[in-house]
Amino acid sequence: MPNFEDHSEVLKIVGEAQDAQTDTREEIREAKLFIMKRDGMWEPEWWNNASGQPRYTFDMTTPVVDQISGEMEQADFDIKISPAGGDASKDTAKTLDGLVRNIENISNAKHIFNMAGRNMIIGGMDGWRVNTKFVDDNSFDQDLVIEPVADWGDRVWLDTASQLQDGSDARWGVVMTGILPEEYEDLYPEGMKQSLSDDRSDETYYFKPDMLLVGELLYIKEVDREIILMTNGQTYEVNDEFKAVEDELAALGITEKRRRKRKDRICYSRMFDNGGWLTKETETVFSWVPLIPTYGNFYNYQNKLICSGVVRPLMDYQRVFNYG
C-alpha cells in the first residue's frame with residue numbers, strides 16, 4: 001500500500017499511472033480530436049501540403065457515433081434494486097430504489113450518463129464521480145450526488161493495480177482540475193503555484209485560459225473494527241454508542257454471544273499540486289474511491305488496461321475517403 005501521507009510518493013504513483021497509460025490516452029485524444037477538430041479527419045502533413053487547394057471533409061464517422069449514442073440514450077440505464085427474498089428484503093429494496101432514484105433526479109444523472117456514454121463511444125473511456133453536497137446553504141444535511149468529470153481522459157488517473165472494469169478495487173484515484181491563478185491564491189494562499197502534469201505531449205489549442213492544474217487525491221485507508229454478535233441476533237460495533245447501551249441490553253437479558261475483528265475501509269480526500277499538499281486530509285462517507293469509469297471494448301491484458309471506442313477503426317477509412 002502506498003504511503004499517502006508522503007507527497008513525493010503520491011507524485012510518483014501518479015506519474016507511474018500516466019506512464020502506463022500514455023499510449024491509451026494518446027489514442028483517446030486522437031479519436032476525440034478526429035471528431036471535434038476542424039481538420040481532425042486529415043493527417044497534418046496532407047492538410048498542410050494542400051493549403052490553398054480544396055480540403056473538403058465528407059464526414060462519414062460522426063453519423064456512426066450519433067447512431068450508437070442515440071440508441072444508448074433511448075435505453076433505460078437507471079439503477080435497479082432487486083430484493084433477495086422475504087418481505088423485509090422487498091421493503092428494503094423498495095426504500096433503496098427510491099433513494100437511488102432521488103439521487104439520479106437531483107443530479108440530472110441521465111444527462112451525465114449520456115455524455116459519458118458518447119465520450120466512451122468516441123474514445124473508449126470516460127466516467128463520473130459520486131460526491132456529497134449540502135441540501136442548501138442553511139442546512140447541515142447532505143445529499144449524495146452524481147457529478148460529471150470534465151475531460152476524464154486527461155484529468156482522471158486510477159490505481160494501476162486496479163483490475164475491475166468498474167474500478168471498485170482501486171486503492172486510490174486522482175482528479176485534476178484547472179483553476180485560475182487568482183483563484184488559486186484565494187483557495188491556497190500557502191501553496192507554491194506549481195502545476196501538475198497532465199501527461200499531454202503537445203497542445204492542440206493555443207488560445208486557452210492560463211490555468212494551474214491541482215489534484216484531488218482520493219485514497220483508501222484500512223482501520224481495525226471490532227464487532228459483537230448479541231444473543232438477540234443483533235450485531236453491534238464496539239464503540240462509544242455500544243458502550244452507552246450495553247448495560248441496558250444486559251438488563252434485558254441480551255448478552256454477548258461472539259465477537260471478532262474486521263477491517264473497515266474509509267476513503268479520504270486531500271488536495272495537492274506539484275509543490276506540496278494544499279489541504280489536510282478529510283474523511284469522506286465512502287468506503288471505496290468514488291470515481292466511476294466507463295470503458296468501451298475493455299480488456300485487461302498482461303496487467304495493462306486496454307480500451308477503445310468506435311472511431312479508431314474508422315479513421316483510416318475516413319482519411320482515404322477524404323483524399324479521394
Side-chain angles (χ1 to χ4, degrees), residues 1-4 6-35 40 43 61 64-65 68 72 113 116-130 149 151-176 196-202 204 213 215-222 263 265 267 272 274 286-319:
M1 181 74 76
N3 178 10
F4 296 115
D6 186 339
H7 176 262
S8 61
E9 185 166 348
V10 169
L11 292 180
K12 178 175 177 289
I13 61 175
V14 174
E16 290 173 347
Q18 291 176 332
D19 291 342
Q21 292 192 20
T22 294
D23 52 351
T24 300
R25 300 296 177 109
E26 285 295 338
E27 289 175 351
I28 292 171
R29 294 172 189 131
E30 185 181 12
K32 285 187 174 182
L33 292 175
F34 191 84
I35 293 292
E43 291 171 309
T61 306
V64 177
V65 174
I68 300 173
M72 287 182 60
F113 296 158
R118 183 177 179 86
N119 288 330
M120 178 191 67
I121 292 166
I122 293 172
M125 178 190 295
D126 207 81
W128 57 85
R129 69 176 296 172
V130 182
V149 178
D151 203 4
W152 180 284
D154 281 338
R155 300 296 176 86
V156 178
W157 305 92
L158 288 175
D159 183 2
T160 51
S162 174
Q163 301 287 312
L164 300 179
Q165 187 169 357
D166 62 1
S168 59
D169 58 339
R171 300 167 298 173
W172 62 270
V174 168
V175 182
M176 297 182 180
L196 294 169
S197 170
D198 62 3
D199 189 47
R200 295 187 67 94
S201 59
D202 56 16
T204 305
L213 204 59
E216 179 186 5
L217 174 66
L218 297 156
Y219 57 100
I220 300 297
K221 283 186 178 180
E222 290 188 343
K263 292 288 187 182
R265 291 162 48 94
C267 182
F272 71 105
N274 203 57
F286 304 106
S287 57
W288 39 267
V289 176
L291 298 172
I292 317 300
T294 59
Y295 298 109
N297 297 316
F298 174 86
Y299 301 97
N300 206 309
Y301 183 64
Q302 296 181 353
N303 294 321
K304 182 176 177 62
L305 186 153
I306 301 171
C307 62
S308 65
V310 301
V311 171
R312 190 194 307 170
L314 299 175
M315 292 169 70
D316 288 344
Y317 293 101
Q318 177 67 66
R319 284 170 175 157

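Values below: every heavy atom of this structure, side chains too, minus hydrogens, waters and symmetry copies. Here the structure is a predicted model, which means the values were calculated and not measured.
Between Thr160 and Ala17, the shortest heavy-atom contact is CG2-CA, 3.4 Å. Contact detail for Phe298 and Gln165: the closest heavy-atom pair is CB-NE2, 3.5 Å. Shortest non-hydrogen contact noted between Ser162 and Asn300 is O-ND2, 4.0 Å. The two residues Ala170 and Arg265 have their closest heavy-atom pair at O-NH2, 4.2 Å.
Between the CG atom of Asp151 and the CE atom of Met176 there is a distance of 11.5 Å, given to the nearest 0.5 Å. Here the CG-CE distance, from Asn297 to Met125, works out to 12.5 Å after rounding to the nearest 0.5 Å.
The shortest side-chain heavy-atom distance between Asp169 and Asp159 does not fall under the 4.5 Å cut-off. Side-chain contact between Thr294 and Trp128 is present, with heavy atoms from C-beta onward closer than 4.5 Å. Put simply, the side chain of Thr61 does not reach to within 4.5 Å of the side chain of Met315, judged on heavy atoms. Looking only at side-chain heavy atoms (C-beta outward), Phe272 and Val174 come within less than 4.5 Å of each other. Side-chain contact between Pro2 and Arg171 is present, with at least one heavy-atom pair separated by less than 4.5 Å. At a threshold of 4.5 Å between non-hydrogen side-chain atoms, the residues Trp152 and Met120 do not count as touching. Side-chain contact check for Phe4 versus Leu217: some heavy-atom pair is nearer than 4.5 Å. Using a 4.5 Å heavy-atom threshold, the side chains of Asp198 and Gln18 count as separate.
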Quiz prompt | salt bridge (Lys or Arg N to Asp or Glu O under 4.0 Å) assessment of Glu9 paired with Lys12 | solution = CA-CA 5 Å; Glu9 185 166 348; Lys12 178 175 177 289; over 6 Å; no
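Between Asp154 and Lys32 no salt bridge is recorded (no basic side-chain N to carboxylate O distance below 4.0 Å).
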